[in-house]
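What follows is a single structure, written as structure tokens, with notes after it.
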Amino acid sequence: MAWGRGGMTDRTVPLAGAPNTRDVGGLVNRYGRLVRPGRLLRSGALGRLIDADVAVLSGYRLRQVLDLRHDREIAVAPPDLLPDGAVAVHLPIYDPEHPVFTYVSAVMLGHDISAYSGLVADGTPAAMRAIYRWFVSGASARTAFAAALRRVADPASLPLLYHCSAGKDRTGWLTALVLTVLDVDRAVITEDYLLSNERSATVNEKIMRAVAARGAELDHVRPVLEVRPDYLDAAYDEADRVYGGIDGYLRAGLGLDDATLARLRAALLD
């Protein structure tokens, strides 16, 4: 692993069964401080790991693994494979009014997606933007994201890995929040967020070939497999609209006080 002090370094954690896994550390904030490597990992679901992948994760000596999936997603996916010593913590982020999460899971696992015709009719890019707005304004989402950030701020929880199904949306927004608290520039946060497209490209192409073979329209599927700048912007815009900005969202929306934010910085910044 190559960690550097500037730009977008290679922070990939090489897992064959979860290719969209990477170290949140390795970036430099606007004051020149390094986000500490090896303390915080982000990933997709861990049910397809091979023995070599588990060995790689064992090297990080993980204490906790936060699973942001709903029970419905977990029930239809292979069980997560965790290294010894890692405690699984379930913090579901799910809105039954937005079926995007189970749709993404169904697409990724090759399940029947005919039940999601209503979502497709509304437009999957619009549905993705709606779910990112819900990340910010939804009561249960705020509770879960706040709980996740408090765990990240607790040195006793670290090193820690967090994941959802694909490791791009709930995981992506949580990463954006962590990096915001760490004073990383928003442009760098967006660039990091978009890396999910590159890391997942091979898997996504296989998925799209499979769903095309079953007669699905790729224009309906691609938006839920990708991350796009306007998805992330939808969350930022909602924070501006409801809380007057991201700082107001962190404090009033998530209830994070100065002490918690300071602990997070102390835990993750060199």
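As the structure is a computational prediction, the values presented were derived from the model and not from experiment. Counting from 1, the numbers follow the sequence of the chain as shown.
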Open item on the list: Run Arg48 and Asp53 through salt bridge (charged side-chain N to carboxylate O under 4.0 Å, His left out) and show every step you take.
Closed with: CA-CA 9 Å; Arg48 298 188 185 278; Asp53 297 336; over 6 Å; no
Open item on the list: With a 6.0 Å cut-off (strictly less than), is the heavy-atom count around CZ of Arg30, excluding the residue itself, greater than 12?
Closed with: yes
Task: Tyr236 six-ring face occupied by Arg186 cation (under 6.0 Å, within 45°) - done: yes
Open item on the list: If I compare all heavy atoms of Gly167 with all of Cys164, which pair ends up nearest, and what's the gap?
Closed with: N-SG, 3.4 Å
Task: Chi angles and distances behind the side-chain hydrogen bond (donor to acceptor under 3.5 Å, both in side chains) call for Thr175, Tyr162 - done: CA-CA 9 Å; Thr175 303; Tyr162 54 88; 2.6 Å; yes
Task: Parallel, tilted or perpendicular: ring planes of Phe135 versus Phe145, cut at 30 and 60 degrees - done: perpendicular
Open item on the list: Hydrophobic clustering (ILVMFWY, side-chain heavy atoms < 4.5 Å, transitive) - are Leu91 and Leu149 grouped together?
Closed with: yes
- [ ] Look up atom CZ in Arg22 and atom CG in Leu195, then write down how far apart they are to the nearest 0.5 Å.
- [x] 5.0 Å
Open item on the list: Could you walk me through whether Val136 and Trp173 satisfy the side-chain contact (heavy atoms from CB on, under 4.5 Å) test, starting with their C-alpha distance in whole Å, then the side-chain angles of each, then the deciding distance to 0.1 Å, before giving a yes or no?
Closed with: CA-CA 9 Å; Val136 173; Trp173 181 238; 3.7 Å; yes
- [ ] Determine, using the 4.5 Å side-chain heavy-atom cutoff (strictly less than), whether Leu41 and Leu81 are members of one ILVMFWY cluster.
- [x] yes
Task: Arg33 with Asp183: basic N within carboxylate O range, under 4.0 Å - done: no
- [ ] Inspect the contact between Arg69 and Asp80 and indicate whether a charged nitrogen and a carboxylate oxygen are less than 4.0 angstrom apart.
- [x] yes
Task: Sidechain N-carboxylate O distance under 4.0 Å for Asp23, Arg39 - done: no
Task: Arg263 and Thr260: CA distance, side-chain angles, deciding distance, side-chain hydrogen bond (donor to acceptor under 3.5 Å, both in side chains) verdict - done: CA-CA 5 Å; Arg263 282 196 300 272; Thr260 302; 3.2 Å; yes
Task: Residues Arg170, Asp67: salt bridge by 4.0 Å N-O rule - done: no
Open item on the list: Please tell me whether Leu269 and Leu174 are part of a single hydrophobic cluster in this structure, the criterion being side-chain heavy atoms less than 4.5 Å apart.
Closed with: yes
Open item on the list: Once you measure the plane-to-plane angle for Tyr193 and Tyr132, does it fall in the parallel (<30°), tilted (30-60°) or perpendicular (>60°) bin?
Closed with: perpendicular
